[in-house]
Amino acid sequence: MLQISTKVIIPDSEIEINAIRSSGAGGQNVNKVSTAIHLRFDIGASSLPDHYKEQLLKLNDRRITQDGVIVLKSQEHRTQEQNKEEALRRLQELIKSVAVVKIKRKPTKPTRSSQKKRLDSKSKRGQIKSTRRQVTD
């Protein structure tokens, strides 16, 4: 079970986890042991609320295929258990990121006093610079 929030939980049956061999350096351990984890999670077939599904499918993320399947590969650690935990943590982070409702920004105008202060500081700076010029006869 993967806990997303107090009300949203993903059962293990919806997450497909396969162990594969890691790439890169590691000596004989890389050649013998399947420590990397390949995680697949089908958004459409999951028990996530519709709001989560819509937001995930809207994301422009290379980890989400056109079929709506999240594919994560974890091979940072030397053990299969640590890689599995890492992959599940990344899936949880991805789903939590769409759960946050962004507050719409209200456009504001600067106050009159702030506009006046800005213009005064500009004119003061201009006067300081004009005193640095060469004096002509």
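Small disclaimer: the values here were computed from a predicted structure and weren't measured. The first residue of the sequence shown is numbered 1, and numbering continues consecutively from there.
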Supply the atom-to-atom distance Lys73 NZ to Ser22 OG, rounded to the nearest 0.5 angstrom. 7.0 Å
Under the rule for side-chain contact (heavy atoms from CB on, under 4.5 Å), what residues qualify as partners of Thr79, not counting sequence neighbours? Glu81, Gln82
With sequence neighbours excluded, what pairs up with Asp67 under the salt bridge (charged side-chain N to carboxylate O under 4.0 Å, His left out) test? none
Within a 6.0 Å radius of atom NZ on Lys53, are there more than 12 heavy atoms belonging to other residues, nucleotides or ligands? yes
Do Ile4 and Ile70 land in one hydrophobic cluster if side-chain heavy atoms of ILVMFWY residues count as linked below 4.5 Å? yes
Residue pair Leu39 / Ser74, side-chain heavy-atom distance below 4.5 Å: no
Apply salt bridge (charged side-chain N to carboxylate O under 4.0 Å, His left out) to Lys116 and list each qualifying residue two or more places apart in sequence or on a separate chain. Asp120
Check side chain to side chain donor-acceptor pair (under 3.5 Å) between Asp61 and all other residues, then give those that pass, not counting sequence neighbours. Arg63
Quick one: list whatever passes side-chain contact (heavy atoms from CB on, under 4.5 Å) with Arg62, sequence neighbours left out. none
What side-chain hydrogen bond (donor to acceptor under 3.5 Å, both in side chains) pairs are there with at least one residue in residues 88-105, not counting sequence neighbours? Glu86-Arg89, Arg89-Glu93
Restricting to side-chain contact (heavy atoms from CB on, under 4.5 Å), what partner residues turn up for Leu57, sequence neighbours left out? Ile43
Residue pairs passing the side-chain hydrogen bond (donor to acceptor under 3.5 Å, both in side chains) test where at least one lies in residues 41-52, sequence neighbours excluded: Glu14-Ser47
Ser114 meets the side-chain contact (heavy atoms from CB on, under 4.5 Å) criterion, sequence neighbours left out, with Pro110, Thr111
Rounded at 0.5 Å granularity, tell me how far CD1 in Ile20 sits from CD1 in Ile37. 8.0 Å
Looking at Leu91 and Leu72, what are the two nearest heavy atoms and their distance? N-CD1, 3.6 Å
Spell out, as yes or no, whether a donor-acceptor pair under 3.5 Å connects the side chain of Asn83 to the backbone of Thr35. yes
Could you check if a side-chain atom of Lys84 sits within less than 4.5 angstrom of a side-chain atom of Gln80, using non-hydrogen atoms only? no
From Ile95 CD1 over to Phe41 CZ, what is the distance, rounded to the nearest 0.5 angstrom? 4.5 Å
Starting from Val69, walk the hydrophobic network (Ile, Leu, Val, Met, Phe, Trp, Tyr; side-chain heavy atoms closer than 4.5 Å) and list everyone else you reach, by chain and number. Val71
Using links of under 4.5 Å between side-chain heavy atoms of ILVMFWY residues, direct or through other members, which residues join Ile9 in one cluster? Met1
Please tell me whether Ile17 and Leu48 are part of a single hydrophobic cluster in this structure, the criterion being side-chain heavy atoms less than 4.5 Å apart. yes
Please identify each residue that fulfils side chain to side chain donor-acceptor pair (under 3.5 Å) with Asp12, with sequence neighbours left out. none
